[in-house]
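Just so you know, these numbers come straight off a predicted model, no measurement behind them.
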Amino acid sequence: MARWDKSTTDSIPDWFWTSVETTAEQSTVEIEDCDVAYQCWGNRGEGKGILLIHGMNAHKHWWDFIAPQFLPEYYVVAMDLTGMGDSDFRYEYDAETYAAEIVGVCDAAGLDDQMVLVGHSFGGRMATKVAGVRPERFGSLVLVDSGIRHPDEPEPDYPMMGGGRAKVYPSREAAEARFRLFPPQPCANEYLLTYIARKSLLYLDGGWGWKFDEELPLVLKDADATPEDFTGLQLPVALIYGANSLSFTEQTASYVASLVPNLVATECVEEAQHHVFLDQPLAFVDALRRVLNLITA
């Protein structure tokens, strides 16, 4: 967000500016012929390690106003899964490749085997899968509004995520005005949506488009959550979810808790929906800090 915004938007809280103005080191690592982008706050080897993984069609900058609040106790890394953010696009995507990307970023960023995986939504699903196949690489797992619905619980009636030709807007302002959350929900913190929208765009084909692969939903394979993903987890797990989330209901929370062998903590964030840390960013930080204290003890 441009610096001039700071002097003209008194409604934006100081903690936000302190966070987003904290310098993060930008890096990439090549994983299976694609560059995977990530950023780091703090110094490697100093503090406990955390890797933050975004949801579908999101990117590492969704964590810009969250990650710095855990310094200096933690060394924090956020990544862009391929097909999203500043990482390369692939011809096809699958959980096995995303697992390789997660491990590759951990190795490149210097995160040790006691690190904490924190995944929101789709990112939590991929974190669960890699923790199942590489349990020795991670210390613990925090799922943020991410899990598996009870077989008897109906899916919310969300619109289909489309694929097809990338949308190009004539100006950055026109593109920003079209930014929407998925799953659809309102968010009272408009300044967070504005910040994320501005970090979600790139210039292409004479206009502005989103930093995600429109074809990803059409070519994604083997990424659905299964009960075995959770029953096979060997590491400590914590859950954080929004009290008003349609994606992670109380029934979902109970079902996931019944599957996970070593559930350490569950935090329900009041007045939050699926995008928990957009709805209640400070309450989310408090919840994550509490579960980190338990899960890394």
Side-chain angles (χ1 to χ4, degrees), residues 24 26-40 51-64 77-109 117-134 143-146 158-169 175-176 178-184 196-205 207-225 229 247 274-275 278:
Q26 308 293 322
S27 301
T28 61
V29 59
E30 185 176 317
I31 308 293
E32 297 186 12
D33 301 320
C34 283
D35 283 343
V36 177
Y38 64 96
Q39 59 185 8
C40 310
L51 177 65
L52 303 170
I53 309 175
H54 59 79
M56 177 61 76
N57 288 351
H59 50 77
K60 59 186 179 294
H61 293 297
W62 283 57
W63 302 102
D64 285 359
V77 180
M79 68 179 293
D80 288 335
L81 298 170
T82 50
M84 293 170 271
D86 297 315
S87 290
D88 287 344
F89 291 4
R90 297 186 184 274
Y91 290 107
E92 60 183 22
Y93 305 87
D94 55 55
E96 183 177 356
T97 304
Y98 281 138
E101 293 175 13
I102 292 168
V103 171
V105 167
C106 291
D107 292 345
L117 278 174
V118 179
H120 174 237
S121 192
F122 179 78
R125 199 190 315 166
M126 295 304 99
T128 300
K129 288 184 179 292
V130 70
V133 297
R134 290 291 308 274
L143 299 176
V144 181
D145 224 80
S146 181
Y158 295 138
M160 292 287 291
M161 291 187 68
R165 189 173 184 274
K167 299 178 180 66
V168 178
Y169 300 90
E176 287 177 12
R178 295 299 303 161
F179 180 77
R180 299 289 186 273
L181 295 174
F182 190 92
I196 291 171
R198 293 183 179 185
K199 293 288 189 178
S200 300
L201 292 166
L202 75 165
Y203 186 77
L204 71 156
D205 296 334
W208 294 87
W210 304 113
K211 290 182 177 181
F212 59 79
D213 185 353
E214 296 270 356
E215 298 291 330
L216 196 159
L218 303 178
V219 295
L220 177 63
K221 302 185 301 182
D222 304 325
D224 290 338
D229 292 337
S247 301
H274 176 65
H275 300 282
L278 303 186

Specify the closest pair of heavy atoms between Gly104 and Ile31, including all atoms of both residues, with the distance to one decimal. CA-CD1, 3.6 Å
Which value, rounded to the nearest 0.5 Å, describes the distance between Gln26 atom CD and Gln39 atom CD? 4.5 Å
Which atoms form the tightest heavy-atom contact between Ser121 and Gly55, and what is the distance? CB-CA, 4.3 Å
Identify the heavy atoms of Gly123 and Ile53 that sit nearest to each other, and give their distance. CA-CG2, 3.7 Å
Which heavy atom of Trp208 sits nearest a heavy atom of Leu204, and at what distance? C-CD2, 4.0 Å
Which distance, rounded to the nearest 0.5 Å, do you find between the CG of Asp224 and the CG of Asp229? 9.5 Å
Pairing residues for Asp86 by the side chain to side chain donor-acceptor pair (under 3.5 Å) criterion, not counting sequence neighbours: Lys60, Lys211
To the nearest 0.5 Å, what is the distance between CG (Asp80) and CG (Asp35)? 11.5 Å
Where the side chain of Lys129 meets the backbone of Ala225, is there a donor-acceptor pair that is under 3.5 Å apart? no
Backbone N or O of Glu32 within a donor-acceptor pair of the Arg90 side chain at under 3.5 Å? yes
Report the C-alpha distance between His275 and Ile196 in whole Å, list the side-chain angles of each, state the deciding distance to 0.1 Å, and finish with yes or no for side-chain contact (heavy atoms from CB on, under 4.5 Å). CA-CA 12 Å; His275 300 282; Ile196 291 171; over 6 Å; no
Check whether the side chains of Asp145 and His274 place a donor and an acceptor atom closer than 3.5 Å, and report yes or no. yes
Separation of Leu216 CG from Phe122 CZ (nearest 0.5 Å): 6.5 Å
Within the supplied structure, the quantity of interest is the number of heavy atoms (other residues, nucleotides, ligands) at a distance under 6.0 Å from Glu96 CD; does it exceed 12? no
From Met126 CE over to Ile102 CD1, what is the distance, rounded to the nearest 0.5 angstrom? 7.5 Å
So, using side chain to side chain donor-acceptor pair (under 3.5 Å) as the criterion, who are the partners of Asp222 when residues are at least two apart? none
Value for CG (Asp33) from OG1 (Thr82), rounded to nearest 0.5 Å, stands at 11.5 Å
Criterion side-chain contact (heavy atoms from CB on, under 4.5 Å) on Tyr93 and Leu81, from CA distance to verdict: CA-CA 10 Å; Tyr93 305 87; Leu81 298 170; over 6 Å; no
If you look at every heavy atom in Ala175 and Leu201, which pair is closest and at what distance? CB-CD2, 3.5 Å
Okay, side chain of Ser87, backbone of Gly83: is any donor-acceptor separation there less than 3.5 Å? no
By side chain to side chain contact (heavy atoms under 4.5 Å, CB included), which residues pair with Ala58, not counting sequence neighbours? His54, Trp62
Could you walk me through whether Val130 and Leu117 pass the side-chain contact (heavy atoms from CB on, under 4.5 Å) test, one step at a time? CA-CA 10 Å; Val130 70; Leu117 278 174; 3.9 Å; yes
Dump the intermediate steps for side-chain contact (heavy atoms from CB on, under 4.5 Å) on His120 and Trp63, then the final yes or no. CA-CA 10 Å; His120 174 237; Trp63 302 102; 4.1 Å; yes
Please find the pair of heavy atoms, one from Val36 and one from Met79, that lie closest to each other, and give the distance. CG1-CE, 3.9 Å
Please check if the side chain of Ser27 supplies one atom and the backbone of Tyr38 the other of a donor-acceptor pair under 3.5 Å. no
Is it true that a side-chain atom of Ser200 and a backbone atom of Trp210 form a donor plus acceptor pair closer than 3.5 Å? no
